[in-house]
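Values reported hereafter were calculated over all heavy atoms of this structure, with side chains retained and with hydrogens, waters and symmetry mates removed.
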Amino acid sequence: MIHIGVIGSGSWATAMIKMLTDNAIEKQIHWWVRKEEDIDYIKQYRHNPSYLSAVEIKLEKVQLVAEVKAVFAASDIIILNTPAAYLEDALKDLAPEDFKGKLMVSAIKGIVPSIKLIVGEYLNRKFDVGLGDTVVIGGPCHAEEVSLEKLSYLTFASKNTANAATVEQYFQSHYIKTVESNDLLGVEYGAVLKNIYALAGGICHGLGYGDNFQAVLISNAIREMEYFVNAIDPQPREINKSAYLGDLLVTAYSQFSRNRTFGTMIGKGYSVKSAQLEMNMVAEGYFASDCIQDIIFKHQLEMPICNTVYNILYKQEPAASAVRKLTDKLT
């Protein structure tokens, strides 16, 4: 029997537990939940007390674990599903030998802020995990819709597509369809960038810009995304596929998008700190904006939408004037 470990206990991790347990293939799941009191609650009531509380946890298929190292020791496949900003802390007690023989999967759509690396590159440099032994999960798939069993598509990307195929089979169900890709870096960077563009869309919404402008903004954003990923990792790719354009669209427009919500609050005049406190959830685009800006500078790229979001969030440029300048650069 295959053993799968899940690191993280937020809404996306909880949705992942649901997907894995609704899948027909027999497996044992080892789920790291950070808080002991949450473990006790889940054992008693079969629901996560903090996120997606309507999802029933099938305890006969899930072992709740308080130690990350124990999850690694017990599992063949490890799925990382914490906010990117918390990943280093979650893995702080692990060494490269703990990763030997493990197939690593990143469901994190963000950049590790302290070292400004996407997760695949972080695992490679910190723990000597080969990029071929890493699978990235992308695509338009909000946790809230998974909890409602709304039909969703996930993309599994790896430089070794056999590993992508191995992982995707454990997610397929009547409401989850899967797609394979060999574009590991493109899918992962695309997932990071779409959060920044959703922030931009939210800022513009908060400022009172309408649907006509939002359409222009997002059509420019997908071209900016293509320009970026082709500069970082040149290879043939179709940017209109669901892992890129699809994920961008749902994050930019959906009521469930925390990045759009965060951006809307900024556009309405909230400070970054007050918006973060009120949301009580991580908007990955905030940290991603700072990290992507370094890459833009390093490669001397022209990225007006990313630059605008960065200037608003980190340079305290007034949102109204920053977006007004951006409107002259869009087509």
Side-chain angles (χ1 to χ4, degrees), residues 4-8 10 12-13 15-16 19-20 75-87 90-91 99 102-112 115-143 146 152-172 176-196 225-226 228-230 232-233 235-239 241-248 250-251 284-285 287-288 291-292 295:
I4 299 176
V6 177
I7 306 299
W12 186 218
M16 195 144 287
M19 287 185 276
L20 290 166
S75 303
D76 309 299
I77 298 172
I78 304 289
I79 301 171
L80 302 176
N81 205 328
T82 68
Y86 303 153
L87 181 61
L91 304 182
F99 291 76
K102 311 295 182 185
L103 182 52
M104 297 302 302
V105 181
S106 172
I108 300 171
K109 296 182 177 183
I111 290 183
V112 182
I115 51 177
K116 301 184 178 181
L117 293 174
I118 53 176
V119 176
E121 292 175 330
Y122 166 71
L123 294 175
N124 179 253
R125 295 190 193 182
K126 176 74 174 178
F127 298 107
D128 199 29
V129 177
L131 292 179
D133 296 321
T134 302
V135 177
V136 170
I137 301 179
C141 195
H142 281 307
V146 170
S152 303
Y153 289 65
L154 289 175
T155 295
F156 293 78
S158 178
K159 289 187 175 296
N160 182 346
T161 53
N163 283 335
T166 294
V167 175
E168 73 175 327
Q169 66 180 320
Y170 300 114
F171 286 83
Q172 295 161 346
I176 298 293
K177 293 186 180 294
T178 61
V179 181
E180 284 177 32
S181 170
N182 64 356
D183 187 16
L184 176 77
L185 296 182
V187 169
E188 191 160 13
Y189 271 116
V192 170
L193 287 163
K194 57 91 179 180
N195 288 327
I196 300 174
M225 180 189 292
E226 182 176 35
F228 180 94
V229 294
N230 285 343
I232 298 302
D233 182 35
Q235 64 166 286
R237 56 172 61 88
E238 294 181 48
I239 204 69
K241 286 191 172 181
S242 61
Y244 316 99
L245 178 59
D247 204 5
L248 170 61
V250 78
T251 310
E284 292 280 13
F287 297 105
C291 299
I292 289 293
I295 300 172

CD (E188) and CG (L117) are apart, to the nearest 0.5 Å, by 10.0 Å
Q.
For the NZ atom on K126, are there more than 12 heavy atoms of other groups (residues, nucleotides or ligands in this structure) within a distance under 6.0 Å?
A. no
Of I78, D128, L123, D133, the one forming a side chain to side chain contact (heavy atoms under 4.5 Å, CB included) with F99 is L123
Sorted by chain and residue number, the side chain to side chain donor-acceptor pair (under 3.5 Å) partners of N81 (sequence neighbours excluded) come out as none
Handout entry: F156 side chain near V105 side chain, heavy-atom distance below 4.5 Å
Key = no
Item to check | Criterion side chain to side chain contact (heavy atoms under 4.5 Å, CB included) on E284 and V192, from CA distance to verdict | outcome: CA-CA 8 Å; E284 292 280 13; V192 170; over 6 Å; no
query = Is it true that atom OH of Y86 has more than 12 heavy atoms of other residues, nucleotides or ligands lying nearer than 6.0 Å?
reply = no
dist S152:OG -> I176:CD1 (nearest 0.5 Å) comes out at 4.5 Å
Taking every heavy atom of A243 against every heavy atom of T155, the minimum-distance pair comes out as CB-OG1, 3.6 Å
*Pair T178, Q172: side-chain N/O donor-acceptor within cut-off below 3.5 Å*: yes
On a heavy-atom basis, the closest approach of E180 and A165 is OE2-CB, 3.4 Å
Report yes or no: does K241 contribute a side-chain atom to a donor-acceptor pair with the main-chain N or O of G246 at less than 3.5 Å?
no
Are any of the side-chain heavy atoms of Y189 and I292 separated by less than 4.5 Å? yes
message = If you define the side chain from C-beta out and look only at heavy atoms, does anything of L91 sit under 4.5 Å from Y122?
response = yes
So CD1 of I115 and SG of C291: to nearest 0.5 Å the spacing works out to 9.5 Å
- Do I111 and I118 come within less than 4.5 Å of each other through their side chains, counting heavy atoms only? yes
Okay, side chain of T82, backbone of G8: is any donor-acceptor separation there less than 3.5 Å?
no
Interatomic distance, CD1@I77 vs CG@L103, rounded to 0.5 Å, equals 5.0 Å
In this structure, OG of S242 is separated from NZ of K177 (nearest 0.5 Å) by 12.5 Å
Is the shortest heavy-atom distance from the side chain of I79 to the side chain of L20 under 4.5 Å? yes
Between V146 and C141, the two heavy atoms sitting closest are CG2-SG, 3.5 Å
Please assess Q235 against N182 for the test side chain to side chain contact (heavy atoms under 4.5 Å, CB included), listing each intermediate value before the final yes or no.
CA-CA 10 Å; Q235 64 166 286; N182 64 356; 3.9 Å; yes
Does the N163 side chain pair with the main chain of G132, one donor and one acceptor, at a distance under 3.5 Å?
-> yes
query: Heavy-atom distance under 4.5 Å between the side chains of L185 and E121, does that happen here?
result: yes
- Task: Check whether any side-chain heavy atom of T251 lies under 4.5 Å from a side-chain heavy atom of K109, and answer yes or no.
- Result: no
Value for CZ (R237) from OH (Y244), rounded to nearest 0.5 Å, stands at 5.5 Å
Tightest non-hydrogen contact, residues M225 and L248, listed as CE-CB, 4.4 Å
Note: N195 and A191 closest approach over all heavy atoms is ND2-O, 3.3 Å
- Under the 3.5 angstrom rule, does the side chain of T134 hit a backbone N or O of G130 as a donor-acceptor pair? yes
